[in-house]
Every structure is written in C-alpha cells, then in structure tokens.
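Read through the structure below, which is laid out as structure tokens, and then see the notes.
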Amino acid sequence: MSRTVTRTAAALLALGALAYTAWVLEVLVHTGLDPVRTYVSELAAADQPLGGLFRATDFAAGLLVLAGALTGLAGAWRARGSGAPGHKGRDPWAVGGWTALAVFGAATVADSRLPLSCAPTVDPGCAARETAGLVPATHAAHAVSSSLAMTGALAALVALTVAARRHDRRLPLARTGPALVALEFAATAWTLAAVAAFEAGKGLWALGAGQRLQVLLVAVWLAVLAYSLARSPAGDGRRERR
C-alpha cells in the first residue's frame, strides 16, 4: 500500500476501535445492567434508557472499521509482492483478512440497526417471550448479525496476524498478534459456553464478563493493527523481511 492509503486505514481503524469500546461508559453511568451477567448488546436494547447512545456508537464503530478494511483491501488487492498489512504485495492472507474485517464492520453496522427489544438476562418476562418466540424478529436477526460479526473478527485476527508475521516480525501486530488471537479464542469459548448454559436454564456463567473480554480483545487487536499500519514503512521502497 502507499503511505497515504496505509495511514488512512490506520486512522479509520483506530477510531473504530475507540468507538467499539464505548460500552465501557457503563462504569461511569448507571445503566441498571450488571456487566458480569448481561450481554453487551443489552446496553443497546430498545427499552434501555441509554440504548440510543450505544446503538449510535456501534453504528459508528462498524462504519469506521468497514471503511478502514475496504481501504486496506483496496491497497492489498492492487499491490504486487508480499501483501502483508500495510506493505506492498498481494498475499491471500492479507486479502482474506481485510475481507473478513470488512464483513465484521458491515455486520456490526447491521447489529446496531437490529437491536433487542428487551434485556433477557435481567428481565424474566423478556426471556420467556424470547423462548416462546414472541419477541420481534430483530432478536433472531440480531443473533445472526452478531454471529457473523464475530466470525468475521476471528477470521480477520488470524489472517492479518499471519500476514503481518510473513511480512516483518518486528511489527507490533506480528509480535503481539498470536497472543491476542489465543486470548480471543479463549474468550469466545467462554462466551459460547455461557450462552449455551443460559439458554439451557443452567445459569449465566459470568456471560457478561466473558463477552466483554471478547469484544475488548477485538478492540485491542484493532488498535494494534492500526498502530502497525502507522509504523509500517509502506511505500518507501524498502523490501519486506523474510
């Protein structure tokens, strides 16, 4: 990628990472939701007092990441050579990673437009209606878009981390990416197990803590990716290290 493209993608992704962590505002404002037990998406539910704020920040995060990913994808697709994040060359790991990140961004935008109508982990009536299929169709659609977003995120974490390590192991993403990927998969396993337990009526298993760790790690990885792009000597004629 050219230096201008690289820096543009870095700025967009850094802003997207910041917007994606807006849920931490719950430590400063009263939401009425227990962060250890509740879904992050319940902050944006239609019946929550601050739902509009969290839907807006999710929308902004999705758009910023989508724009950054498409910028990176365009640069990687036009490149000839290694194709690693922020550097010259087309590499299937880089192209696939940027594509997956774009899917994550688009699905996050969709998530913000498909809010839950109520908070099932704290409202037994909401949980009962959800089990009986008496909630709006947005609940099912939200589950699909959330799953698609996290699948895209996981694929992007793996592919772009591999691409960074193929290019230059001195990059921040190449050094810290593998640890972040491992932690992200562990947090995802925790979250999925907790969701299954909740849906089976066996408790919450600190579902909220697991999911918050899951989304926080995605945001941290995005920030590291943005920093790596900003640090990358893209477009200066230097060859990649092998």
Side-chain angles (χ1 to χ4, degrees), residues 1-24 40 56-79 82-91 93-112 145-146 148-168 170-181 183-184 187 213-235:
M1 298 184 205
S2 70
R3 186 169 296 278
T4 298
V5 170
T6 301
R7 288 181 173 176
T8 298
L12 290 167
L13 293 173
L15 291 172
L18 182 62
Y20 198 58
T21 57
W23 54 269
V24 301
V40 176
T57 55
D58 279 351
F59 182 74
L63 279 183
L64 287 163
V65 173
L66 176 60
L70 291 177
T71 301
L73 178 60
W77 189 255
R78 290 195 302 266
S82 73
H87 228 76
K88 296 187 292 181
R90 184 183 302 172
D91 175 3
W93 286 102
V95 172
W98 287 118
T99 301
L101 194 60
V103 170
F104 165 73
T108 300
V109 170
D111 245 8
S112 71
S145 61
S146 294
L148 186 59
M150 193 48 59
T151 299
L154 291 172
L157 261 68
V158 172
L160 289 177
T161 296
V162 170
R165 290 178 65 81
R166 282 162 56 89
H167 163 62
D168 187 345
R170 297 171 302 176
L171 288 174
L173 182 61
R175 296 197 309 269
T176 63
L180 289 172
V181 169
L183 288 171
E184 179 62 28
L213 177 61
Q214 184 187 39
V215 298
L216 177 62
L217 287 168
V218 171
V220 170
W221 181 88
L222 283 170
V224 173
L225 172 60
Y227 183 55
S228 296
L229 288 168
R231 288 278 307 275
S232 175

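Just so it is clear, the values below take in all heavy atoms, side chains as well, and ignore hydrogens, waters and symmetry mates. Positions are given from 1, in the same order as the sequence printed here. The model shown is predicted, which means the values in this text are computed figures rather than measured ones.
Contact between Ala100 and Ala155 at its shortest, heavy atoms only, is CB-CB, 3.7 Å. When every heavy atom of Gly75 is checked against every heavy atom of Val5, the shortest pair comes out as CA-CG1, 4.5 Å. Taking all atoms of both residues into account, the shortest heavy-atom contact from Ala69 to Leu13 is N-CD2, 4.3 Å. Of all heavy-atom pairs spanning Ala110 and Ser145, the tightest one is CB-CB, 4.2 Å. Contact record, Ala9 with Gly68: CB-O, 3.8 Å, taken as the closest heavy-atom pair. Gln214 approaches Glu184 most closely through the heavy-atom pair O-OE1, 2.9 Å.
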Show, in sequence, the C-alpha distance, side-chain angles and deciding distance for Thr176 and Val220, and conclude whether the side-chain contact (heavy atoms from CB on, under 4.5 Å) test is met. CA-CA 10 Å; Thr176 63; Val220 170; over 6 Å; no
Val65 vs Leu12, test: side-chain contact (heavy atoms from CB on, under 4.5 Å). Steps then yes/no. CA-CA 6 Å; Val65 173; Leu12 290 167; over 6 Å; no
CA sep, side-chain torsions, deciding dist, call: Val215, Trp23, side-chain contact (heavy atoms from CB on, under 4.5 Å): CA-CA 10 Å; Val215 298; Trp23 54 269; 3.5 Å; yes
Starting from the C-alpha separation in whole Å, work towards a yes-or-no answer on side-chain contact (heavy atoms from CB on, under 4.5 Å) for Phe104 and Leu222. CA-CA 12 Å; Phe104 165 73; Leu222 283 170; 4.3 Å; yes
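With rounding to the nearest 0.5 Å, the separation of CG in Leu73 from OG1 in Thr99 is 4.5 Å. Taking CG of Leu183 as the start and CG of Leu213 as the end, the distance is 7.5 Å to the nearest 0.5 Å. In this structure, CZ in Arg231 is found 12.5 Å from CG in Leu173, a value given to the nearest 0.5 Å.
Trp221 is listed as a side-chain neighbour of Leu225, based on a closest heavy-atom distance under 4.5 Å.
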All N/O donor-acceptor pairs, side-chain side in residues 57-64, below 3.5 Å, sequence neighbours left out:
from: Thr57; atom 1: OG1; to: Leu53; atom 2: O; distance (Å): 3.4
from: Thr57; atom 1: OG1; to: Phe54; atom 2: O; distance (Å): 3.0

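Considering only residues two or more places apart in sequence or on other chains, Thr151 meets the side chain to side chain contact (heavy atoms under 4.5 Å, CB included) condition with none of them. Judged as a side chain to side chain contact (heavy atoms under 4.5 Å, CB included), and not counting sequence neighbours, the contacts of Val181 are Leu157, Val158, Thr161, Phe185.
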